[in-house]
Each structure stands twice: as structure tokens, then as C-alpha cells.
There are 2 protein chains.
Amino acid sequence: MAEPGNEERAKEPRTVPTISDVARHAGVSPMTVSRVLSGGQHVSATMRRKVETSVRALGYRRNENARSLRPGHRSGLVGVVVTNLANPYYAEVLEGIGEILSEANRRVVFGTSHEDPEEEARLIADFVGRQTEGLIVVPAGGPSEHLRPEQRHGVPLVFASRRQDGVDVDAVIVDDVRGAERVTALLLEEGHRRIAFVGNAVSVFTGQRRYEGFERAHAAAGVPVLPELVRRGQQDIHSAETAARELLALDEPPTAIFGANNRNMVGAIKALHAASAARGTDLFARVRLASFDTFDLEELVPGDLSVVTHDARELGRTAAELLLVRLQGKRPDRPTRTIELPTSIRTRRRSEERLPGTEPAQEPAQAASP
Amino acid sequence: MAEPGNEERAKEPRTVPTISDVARHAGVSPMTVSRVLSGGQHVSATMRRKVETSVRALGYRRNENARSLRPGHRSGLVGVVVTNLANPYYAEVLEGIGEILSEANRRVVFGTSHEDPEEEARLIADFVGRQTEGLIVVPAGGPSEHLRPEQRHGVPLVFASRRQDGVDVDAVIVDDVRGAERVTALLLEEGHRRIAFVGNAVSVFTGQRRYEGFERAHAAAGVPVLPELVRRGQQDIHSAETAARELLALDEPPTAIFGANNRNMVGAIKALHAASAARGTDLFARVRLASFDTFDLEELVPGDLSVVTHDARELGRTAAELLLVRLQGKRPDRPTRTIELPTSIRTRRRSEERLPGTEPAQEPAQAASP
DNA sequence: TTGTACGCGTTATCAA
DNA sequence: TTGATAACGCGTACAA
């Protein structure tokens with residue numbers, strides 16, 4: 001069975017080649033190899049060829065970790081923490097981040113906090129120890145000591161999608177308050193007086209802000225928010241569906257439901273569908289829907305639906321760009337900024353179903369505020 | 001504006017503290033600090049306390065890169081390449097991978113290949129240079145030199161979801177062929193003779209296999225596959241929608257559509273919906289649907305729908321577990337294995353709409369084959 | 001143009 | 001129990 005000295009597999013490296021291996025193989029000094037590798041200016045063509053041949057022969061690759069040890073060198077690593085990748089929204093954000101960082105020749109070390117601040121703290125500590133040049137975080141909320149500059153050794157931090165009180169860093173967020181306010185106002189204008197709110201935990205930045213918008217619209221219209229119609233704390237489709245089911249079972253059910261993020265809206269829709277089937281009535285005709293964030297197959301919802309949209313990928317891109325500016329390092333004392341992306345509202349009504357073609361316009365998202 | 005020597009910010013480190021800084025601060029040797037940090041056995045309580053105090057005072061964190069430089073030490077990094085994070089399917093896979101690796105105290109360096117083998121090669125080269133201990137890749141297909149053992153310096157590689165010819169490594173894939181075959185057979189049994197196929201590019205492993213199953217079912221039933229109903233090459237919802245729209249515009253449109261992955265099915269559904277609205281007829285009543293992979297809001301599809309399902313997160317978990325086995329390093333010459341996860345088929349018919357509650361059973365997925 | 005010496009932060013080894 | 005030394009892979013500074 002044992003077949004020692006299998007010559008046919010000779011190329012399989014038992015050990016990773018180092019710069020010295022290459023140097024030996026090429027009959028030059030390690031320094032010459034290093035020079036060639038960094039596009040060296042002061043190397044003879046002969047040497048260069050010898051080195052290049054050996055590099056290929058050994059399949060040599062520089063050890064980035066060792067490189068980043070040298071003073072002045074950067075690791076090329078950026079740490080990214082999101083709360084929950086099962087939400088396609090954050091997958092989009094991550095794609096946007098990756099797009100920009102990839103162009104900037106940076107790699108992403110990635111972790112999911114699952115909305116747990118402690119997990120978030122562990123990830124950040126680890127990332128800092130790995131010499132990541134910067135961090136992009138969707139903060140879970142809660143304690144924030146681990147986000148303070150001392151804790152992260154001054155590694156630049158950018159918040160995406162959410163911010164955290166008491167941590168003054170660059171951030172890209174969404175105009176949650178106005179988006180929620182406008183779409184709620186729309187429902188109120190249509191005459192709805194029993195609007196349910198299904199959303200994130202109270203501790204979640206966006207959940208808080210979207211609720212604030214929801215409240216503001218009510219206040220402006222002089223309509224009270226009905227506490228029994230407010231369900232906050234659902235982070236996934238399943239719990240959102242349960243919450244919505246309870247709402248629909250009330251003696252006086254809501255006439256409209258605002259889903260404060262896409263998971264909550266999808267859950268609510270599932271509940272509506274199930275309840276419709278169970279009761280043999282079309283509840284979609286009786287419950288007006290509004291969603292913050294888009295989701296697949298919106299158009300299949302057989303009732304009136306408004307969606308507050310923004311470009312999640314663009315949000316990711318912008319966060320990465322903010323980070324890169326900090327990494328360039330000019331004006332390190334530049335005051336932090338928060339970029340708030342605008343939202344737009346798209347409404348599809350059942351009565352318009354016949355309308356063919358003409359896709360909703362894609363809009364670029366950009367806006368700055370101090 | 002410039003306010004030099006801001007004492008209130010004194011704690012903000014201008015430079016990252018090293019083990020020597022801690023040693024100096026504690027009045028001990030760096031070696032003692034190192035010992036304390038690694039839960040050192042042979043340290044006096046006094047020393048330990050001194051060191052711990054200094055560590056906290058300076059906010060010291062070990063430099064993982066420098067650590068991994070030492071022989072025998074591992075980087076704790078695993079490189080993961082997926083083709084497209086915009087597909088929630090892969091986000092799920094990534095979550096599963098992260099779950100297991102996180103438990104094993106490994107971090108994920110992440111990249112998207114966007115189905116481009118060259119981008120994949122760049123990512124892998126970079127990951128190897130960063131001393132990742134292992135790689136988990138959803139291969140884009142195409143050339144595979146960059147996946148050969150020499151190119152990756154013998155770094156263990158595991159394929160997820162797809163495999164690549166000529167690269168003999170551990171893999172976790174789905175029983176694509178049988179899943180597609182069974183669901184196609186179901187449609188054929190129902191009497192369908194014009195079944196459309198909308199799927200991935202021919203070069204994509206799963207697309208290829210699912211098409212194979214599609215063909216096999218036809219062959220077994222003695223029904224010819226109609227080339228004009230086969231559209232292969234759509235990777236996103238938009239292109240899938242276009243392909244489906246063309247199919248529906250045929251003089252003799254298909255009576256059933258098989259979407260070979262969730263993006264293709266969602267696109268086809270959008271096309272059906274749009275065409276229904278445009279023509280004022282319910283095409284869902286005339287076109288039977290079948291999908292490989294689930295998607296949100298399946299139940300809203302107003303027609304008969306079969307879904308071939310498997311647990312994407314479990315697939316990710318399993319891939320990570322296979323990698324960890326290789327990283328343990330016992331029996332490095334152990335033959336590679338491919339784990340093929342079984343699928344199950346769930347069918348919802350319009351006529352059953354009344355059926356309340358009783359969620360479809362979640363099934364654990366496990367099966368091994370050589 | 002090429003090579004030598006040294007140091008980056010860490011820890012295994014050995015000596016005290 | 002504690003500390004000095006050396007080495008991991010690489011690249012800057014300087015010498016040849």
C-alpha cells in the first residue's frame with residue numbers, strides 16, 4: 001500500500017516554498033527574488049528570467065502574512081460583520097462591499113453576529129488581531145465598548161445600514177424615518193385607521209427608526225397608534241408570520257399592515273395567505289400592505305402593496321468607499337460623516353393589474369448629511 | 001482648528017501595542033507575557049496579574065499574522081469562494097459554512113467569483129498566499145489549473161454544491177440528476193408533453209446535471225425533449241424572465257416549465273405573471289411549474305407548483321465539516337469522498353388551496369457515496 | 001546590479 | 001519560575 005518516493009507526484013509540495021527556496025532553486029539571493037517579485041527596477045533580464053522560471057517551477061507565492069509584518073505594509077484585509085446573512089438584504093449589502101473592496105485589491109474577512117453583540121465583539125477582536133486594515137459592521141445594538149477606538153486599536157470602522165449611539169464613526173444608513181413616515185402617511189390618507197406594525201426588535205436601529213416614522217405619520221394625521229397592533233421583535237420570516245397571524249385573529253383586525261423590513265413583510269404575507277385559505281376569504285382584499293425593503297415576487301401579492309425601496313448594494317458600495325477614504329489616510333482627523341440614502345416608494349394596486357411592461361425606474365442613491 | 005496634543009484622547013493608540021510594549025509596561029520579559037497569554041502553566045500568580053493588568057491597560061491583542069509565521073502554527077483562516085451571493089441559496093450555504101467554522105474557531109475569508117473562472121483563480125491564489133488552512137469553493141466551471149494541488153500548495157480544498165472534472169477533492173453536492181428526473185417524471189405522468197427547461201449555463205455543473213435528469217425522465221417516458229423549449233444560460237432573475245417570456249410567446253407555448261434553480265424559476269414566474277396581466281388571462285392555470293430549489297413566497301404562485309428541495313445550510317455545514325476532517329490531518333491520504341445530499345419533492349396544487357396549517361416537514365439531509 | 005544584515009511580532013527551546 | 005536566543009518569511013537600508 002505504501003509506495004514511498006512516488007515520483008509521479010513529486011510536484012506535490014510537502015511544504016510550502018519560501019522565498020529562500022526560490023532563491024536556492026534559481027541560484028540567486030533571496031533579495032533578488034524579492035526584487036523581481038515587486039516588479040523590481042534594478043534587476044538584469046537574466047536574473048529576472050531565472051527567478052521567474054523558478055517561481056513557476058515551485059509554484060511559489062508570497063506569504064502575505066509575513067509581508068504585512070514589515071512596517072508600513074498593509075494586510076489588505078477588511079473585516080465585515082453582518083447580523084444575518086439569511087436575509088437577502090444583507091447578502092446584497094455584502095456583495096456591494098465586496099465589489100468595491102475587490103477593486104481596491106482588498107479581501108474580506110467575514111462573520112455573522114446573529115444579532116448578538118457578544119458575538120460581534122468576538123469577531124471584531126479577532127479581526128483586529130488579524131491586522132485587518134478596516135472594519136465594516138452592521139451593529140447588533142446593545143453594549144458598544146468593543147466598538148470604541150481603543151478596543152479596535154484605532155482601526156477605522158464604518159457602520160452600514162445601522163448606527164450605534166455613542167460610537168462616532170462614518171456610517172451609511174437609510175432614510176428610515178422619512179421612508180416609514182411617508183408610506184404610513186399614504187395609508188392614513190387612504191383612510192386606514194387601524195394600521196399594524198410588524199418589525200424588528202426595539203433594540204435594532206432601523207426597527208427603532210422605522211417605528212418612529214410610523215408614529216410621526218400618525219401624529220401628523222392626528223390618528224393614535226394602537227398598541228395592540230404593534231408587534232416588534234421578529235427577526236425572521238417564521239416569527240413574523242406568527243405575529244401577523246395573531247394580528248389577523250384579533251376581534252378587530254388591522255385594515256393595513258406595515259412590515260418594517262422584508263423578513264417581516266414576507267412573514268405577514270404568508271400569514272395572510274394561510275388565513276385566507278383557512279377561512280375561504282381573500283384577506284388581501286381587506287388588508288392593505290406596505291413594506292420597507294423589497295422582496296422577490298412582490299408582484300404576486302394579490303392586493304395593494306406599497307414598497308419603500310433603496311439600493312442595498314449601493315449601500316454596501318458606499319460603506320466600502322467611506323472606509324477606503326479613511327484608509328487613504330489623508331486627513332485622519334476629518335470629522336465623521338453619515339450618509340443617508342434616500343428611499344422611494346412604489347405602489348402597485350390590484351386594480352392596475354392590467355398594466356403591462358414599463359418597469360419601475362431604477363434610481364441612483366446618493367445624499368450626504370453631516 | 002489644529003489642536004495638538006489633545007490629552008483627553010491620550011488613550012487613542014498612535015501605534016498598535018506589541019508584546020514587548022506589554023512586557024515593558026509590566027516590567028517583565030516578552031516571554032512571560034507570551035506564556036500568560038497562552039494560558040501559561042508555569043507562571044507565578046504575581047506575574048500573571050501584572051501581565052493581565054498591562055494587557056488591559058494597553059488594550060493589547062496578539063498579532064495573529066506574526067503568530068502564524070511560527071512553524072507549526074495555523075492561520076485559523078479558511079477561504080470561501082461562491083459564485084454569486086445575490087442568490088439567497090448561496091447566502092444560505094455561506095451561513096452554514098460560517099456556522100461550523102466559527103465553532104471550530106476558524107474565520108472565513110470570502111470572495112465572489114461571479115461565475116468567472118479567472119476571478120476564482122485570482123481569489124484562490126490570494127487566499128493561498130494569505131496562508132488559509134483550507135478552501136471551500138463553489139467552482140465556476142471552465143479551466144481548472146488553478147485548482148490543482150500544486151497551485152494551491154496542497155491546501156485542502158472542498159467543493160460545495162458543484163464539482164469540477166479532473167479535480168479530485170472532497171465535495172458536497174446535491175442529487176441533482178435524480179431530483180430533476182423525478183420532478184420531470186411527475187410532469188410527464190400528468191400528461192405534459194411540452195415541458196420547457198430554463199436553467200443555468202451549460203458549463204455549470206448543476207445546470208448540466210439537472211438537464212441530464214430532465215432528459216432521462218423524457219427518455220424513460222419515451223417523450224422527446226423539444227429543443228425550442230430549452231433555454232440554458234440564465235444566471236439571474238432578469239435573464240430568466242426574458243427567456244421565459246420568449247417561451248410563452250411561441251406559437252405553441254410549453255404546458256409546463258421546469259426552472260432548474262431558484263433564480264430561473266422566479267424569473268419564469270415573473271414572466272408568467274406579466275404575460276397573464278398583459279393578455280388578461282391566467283396563464284398559471286395553463287402552465288404547470290416545477291422548480292429546483294425553494295424561494296420565498298412559493299405559496300403565492302397561483303398555479304400548480306412542485307419544488308425539489310434540499311437544505312442549503314446543511315450543505316454548507318457538511319462542506320465545512322469535510323474540510324475540518326482534512327485539517328485534523330489524520331490520514332491525509334484518505335481517498336476523497338463526495339457526499340450527495342438527497343432531495344425531496346413537495347407539490348402544492350391550486351385545488352388544495354383550502355388546506356390550512358401543517359407545515360411541510362423539514363428533513364435532515366445525509367447520504368454518502370464513494 | 002547584487003548581496004548582507006537586520007528587524008517586523010511571536011513563541012519553542014534551552015539555560016539560568 | 002523566568003529570561004535570553006533564535007527563527008518563522010519577507011523587505012528596507014546599506015554595502016559591495
Side-chain angles (χ1 to χ4, degrees), chain A residues 13 15-52 54-55 58-77 126 128-133 153 155, chain B residues 13 15-52 54-55 58-77 126 128-133 153 155:
Chain A
T15 172
V16 179
T18 74
I19 199 169
S20 308
D21 296 327
V22 178
R24 239 189 315 279
H25 187 277
V28 302
S29 85
M31 203 45 237
T32 305
V33 179
S34 175
R35 268 192 274 261
V36 171
L37 261 50
S38 20
Q41 297 305 311
H42 304 276
V43 197
S44 67
T46 341
M47 286 288 170
R48 172 177 321 248
R49 231 167 317 114
K50 276 204 269 184
V51 169
E52 283 167 350
S54 299
V55 164
L58 273 58
Y60 170 74
R61 213 111 61 193
R62 287 198 282 211
N63 181 333
E64 286 298 328
N65 286 355
R67 281 190 93 200
S68 75
L69 214 53
R70 305 302 324 284
H73 256 279
R74 317 226 130 265
S75 70
L77 239 36
D126 185 281
V128 170
R130 285 182 193 292
Q131 315 304 111
T132 53
E133 296 176 44
H153 289 190
V155 174
Chain B
T15 172
V16 179
T18 74
I19 200 169
S20 307
D21 296 328
V22 178
R24 239 189 316 279
H25 187 277
V28 302
S29 84
M31 202 47 234
T32 304
V33 179
S34 176
R35 268 192 275 260
V36 171
L37 261 50
S38 22
Q41 296 306 311
H42 304 276
V43 198
S44 67
T46 340
M47 286 287 169
R48 171 175 323 244
R49 230 166 320 114
K50 276 204 270 184
V51 168
E52 283 167 350
S54 298
V55 164
L58 274 59
Y60 169 75
R61 212 112 59 193
R62 288 199 282 209
N63 181 332
E64 287 298 328
N65 286 356
R67 284 191 89 198
S68 73
L69 209 56
R70 307 302 323 285
H73 254 279
R74 318 224 130 266
S75 70
L77 239 35
D126 185 281
V128 170
R130 296 203 129 72
Q131 315 305 110
T132 52
E133 296 177 44
H153 289 189
V155 173

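A, B, ... follow the sequence lines: proteins, then strands. Residue 1 opens every chain. What you see is a predicted model; the values in this text were computed from it and never measured. Heavy atoms only: backbone and side chains are in, while hydrogens, waters and symmetry mates are out.
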Subject >> Check: D:dG3 base within 3.5 Å donor-acceptor of B:Arg35 side chain >> reply: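 Looking at the base of D:dG3, it does pair with a donor or acceptor on the side chain of B:Arg35 (distance under 3.5 Å).
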**OP:** Please confirm whether any donor atom in the side chain of B:Arg70 sits under 3.5 Å from an acceptor in the base of C:dT11, or the reverse.
**Re:** yes
So if I take every side-chain heavy atom of [X] and compare against [options], which nucleotide ends up nearest?
X	options	result
B:Pro71	C:dT11, D:dG9, D:dC8	D:dC8
A:Tyr60	D:dC10, D:dG3, C:dT10	D:dC10
B:Thr18	D:dG11, D:dC8, C:dT10	C:dT10
B:Thr32	D:dT2, C:dT10, C:dT11	D:dT2
B:Ser29	C:dG7, C:dG3, D:dG3	D:dG3
B:Ala66	D:dA13, D:dT2, C:dT10	C:dT10
A:His42	C:dG3, C:dT11, C:dT1	C:dT1

Original post:
So which one's nearest nucleotide on DNA chain D is more toward 5', B:Gly27 or A:Met31?
Top reply: B:Gly27
Subject >> Note, A:Val16 side chain near B:Val155 side chain (heavy atom, < 4.5 Å) >> reply: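 No, every pair of side-chain atoms sits at 4.5 Å or beyond.
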Please report the distance, rounded to the nearest Å, between [atom1] in [X] and [atom2] in [N].
X	N	atom1	atom2	value
B:Asn63	C:dG7	CG	C1'	14 Å
B:Ile19	C:dC8	CD1	P	14 Å
A:Leu37	D:dG9	CG	P	15 Å
B:Arg67	D:dG9	CZ	P	17 Å
A:His73	D:dT12	NE2	C1'	9 Å
B:Met47	D:dT2	CE	C1'	7 Å
A:Leu69	C:dC6	CG	C1'	13 Å
A:Arg24	D:dC10	CZ	P	12 Å

**OP:** Quick one: do A:Gln131 and B:Asn63 satisfy side chain to side chain contact (heavy atoms under 4.5 Å, CB included)? Show the steps, please.
**Re:** CA-CA 7 Å; A:Gln131 315 304 111; B:Asn63 181 332; 3.4 Å; yes
Original post:
Is A:Arg67 paired with A:Glu64 through a side-chain N to carboxylate O contact shorter than 4.0 Å?
Top reply: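 A salt bridge is present here (some side-chain N lies under 4.0 Å from a carboxylate O).
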Original post:
When rounded to the nearest 0.5 angstrom, what distance separates CZ in B:Arg62 from OG in B:Ser38?
Top reply: 5.5 Å
Subject >> Side chain B:His153, main chain A:Gly59, donor-acceptor under 3.5 Å >> reply: yes
**OP:** State whether A:Arg48 places a side-chain N or O below 4.0 Å from either non-bridging phosphate oxygen (OP1 or OP2) of C:dT1.
**Re:** no
Original post:
Does B:Ser44 place a side-chain N or O at less than 4.0 Å from the phosphate oxygens OP1/OP2 of D:dT2?
Top reply: yes
